[in-house]
Amino acid sequence: MEHVLVVTPDGTPAGSATRERMRAEGLWHACAAIVVRSRDGGRLFVHRRTDTKDVYPGLYDPTCGGVVAAGETPDECAVRELAEELGVSARPEFCFKTPFVDGTIRYVAHVYEVRSDGPFTLQPEEVAWGGWMAEAEVRAKAEDPEWPVVPDGRALIREWFSWA
């Protein structure tokens, strides 16, 4: 059974719990989110989540990443998730951390950026489609309430644009 890192709202580690318990009780946890930017800096890699995902199925996401496992650091999680979801072996650069809340989904996001032109090997259990979008297009879509994007991805990419 998978255990995840439980944190306080400011990101301080506070133990661990099963992923099932974390979801059921809305426990604060830590996540790593990676913005994948082309080497020339003009494009961002966006993907659509599979329809079988337990959270936000079938929606687009301008970041990749996931929940930090118990005993894992956010940096380690970012490297692992990048390799699992996109098949990219790289060490993303830490940008900032920020809380995210959407109902019972409550976590502290550790946001990273990595420059890569691929090639990408998409994880079929999690990624239904992936492709490049111009940075300006992602910026415009993030402001479009009709774009079917994950709420956390929208919030995190907006903050990343402010940070970048």
Side-chain angles (χ1 to χ4, degrees), residues 1-7 9 11 16-37 43-70 72 74 76-88 92 95-114 116 120-135 137-164:
M1 188 169 290
E2 181 187 15
H3 281 74
V4 302
L5 176 64
V6 174
V7 298
S16 67
T18 63
R19 181 183 287 262
E20 181 180 79
R21 179 173 164 231
M22 176 266 291
R23 293 270 188 247
E25 297 178 23
L27 300 176
W28 278 92
H29 56 287
C31 288
I34 306 100
V35 176
V36 179
R37 195 175 201 185
R43 298 170 296 151
L44 300 180
F45 193 82
V46 175
H47 72 279
R48 190 176 70 76
R49 295 164 66 88
T50 60
D51 293 333
T52 56
K53 290 290 290 177
D54 62 336
V55 177
Y56 308 132
L59 297 179
Y60 290 93
D61 196 339
T63 68
C64 72
V67 176
V68 178
E72 183 179 51
E76 292 167 339
C77 178
V79 169
R80 175 179 56 79
E81 288 287 349
L82 188 60
E84 286 177 3
E85 289 184 15
L86 303 183
V88 173
C95 301
F96 59 90
K97 75 178 186 175
T98 187
F100 176 78
V101 177
D102 182 23
T104 60
I105 297 172
R106 302 184 302 176
Y107 67 83
V108 175
H110 297 256
V111 180
Y112 298 80
E113 177 185 319
V114 69
S116 176
F120 300 107
T121 303
L122 306 181
Q123 183 181 30
E125 299 82 12
E126 296 197 22
V127 181
W129 171 88
W132 291 110
M133 285 187 173
E135 187 175 309
E137 182 180 6
V138 175
R139 184 185 298 267
K141 284 187 172 293
E143 299 305 323
D144 178 359
E146 298 301 313
W147 189 36
V149 64
V150 294
D152 54 344
R154 183 186 307 271
L156 296 176
I157 200 67
R158 282 173 162 169
E159 192 164 342
W160 179 82
F161 280 127
S162 295
W163 177 86

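The structure presented is a predicted model; accordingly, all values stated were derived computationally and were not measured.
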query: Nearest 0.5 Å, what's the OG1-CG distance between T18 and L27?
result: 8.5 Å
field: Test side chain to side chain donor-acceptor pair (under 3.5 Å) applied to E2 - qualifying residues, sequence neighbours left out
entry: R19
message: Please report the interatomic distance CD(E137) to CH2(W147), rounded to the nearest 0.5 Å.
response: 8.0 Å
Student check: side-chain heavy atoms of V36 and L86 closer than 4.5 Å: yes
- request: Go through the side-chain N and O atoms of T98 and E159 and say whether any donor and acceptor fall under 3.5 Å apart.
  value: yes
Ion pair check, R158 and E143, cut-off under 4.0 Å: yes
message: My understanding is that only residues two or more places apart in sequence, or in another chain, count here; which of them pass ring pair (Phe, Tyr, Trp, His ring centres under 6.0 Å) with W28?
response: none
task: Answer yes or no: is there a donor N or O on one side and an acceptor on the other, between the side chain of R154 and the main chain of P148, under 3.5 Å?
output: no
task: Show the numbers, then the answer: is there a salt bridge (Lys or Arg N to Asp or Glu O under 4.0 Å) between E135 and R37?
output: CA-CA 9 Å; E135 187 175 309; R37 195 175 201 185; 3.0 Å; yes
message: Any heavy-atom pair between the side chains of V108 and C31 that's under 4.5 Å?
response: no
task: Could you check if a side-chain atom of V68 sits within less than 4.5 angstrom of a side-chain atom of V4, using non-hydrogen atoms only?
output: no
- request: Please confirm whether R48 makes a cation-pi placement over W129, using NZ or CZ under 6.0 Å from the six-membered ring centre and within 45° of the ring normal.
  value: no
query: Quick one: NE2 on H47 to CD on Q123, what's the gap to the nearest 0.5 Å?
result: 9.5 Å
- prompt: Hey, are the side chains of L5 and S16 touching, using non-hydrogen atoms and a 4.5 Å cut-off?
  reply: no
message: Could you work out, with ring pair (Phe, Tyr, Trp, His ring centres under 6.0 Å) as the rule, every residue matching F100, not counting sequence neighbours?
response: Y107
query: Does a side-chain heavy-atom distance below 4.5 Å link W160 with Y112?
result: no
query: Taking the side chain from R139 and the backbone from I157, do they hold a donor-acceptor pair closer than 3.5 Å?
result: no
P62 side chain reached by L44 side chain, heavy atoms, under 4.5 Å: no
message: Tell me the closest heavy-atom pair linking C77 and G66, and the distance in Å.
response: SG-O, 3.6 Å
message: Can you confirm whether V67 sits close enough to E81 that some side-chain heavy atom of one is under 4.5 Å from a side-chain heavy atom of the other?
response: no
- prompt: Under a 4.0 Å N-O cut-off, is there an ion pair linking E72 with R80?
  reply: yes
query: What are the two closest heavy atoms between D102 and P151, and how far apart are they?
result: OD2-CG, 3.8 Å
message: I'd like to know if the side chain of H29 reaches the main chain of M22, judged simply by a donor and an acceptor atom lying under 3.5 Å from each other, with no hydrogens or angles considered.
response: no
field: Closest heavy-atom pair and its distance - E85, C64
entry: OE1-CB, 3.1 Å
message: Any heavy-atom pair between the side chains of Y56 and D152 that's under 4.5 Å?
response: yes
message: Looking at R49 and Y60, would you say the former's side chain and the latter's main chain have a donor-acceptor pair under 3.5 Å?
response: no
query: Nearest heavy-atom pair of L156 and A109: which atoms, and what distance?
result: CD2-CB, 3.8 Å
message: For a quick test of reading the model, state the closest non-hydrogen atom pair linking V79 to P92 and the distance between them.
response: CG2-CD, 3.9 Å
task: Enter the distance from L122:CG to T50:OG1 here, rounded to the nearest 0.5 Å.
output: 11.5 Å
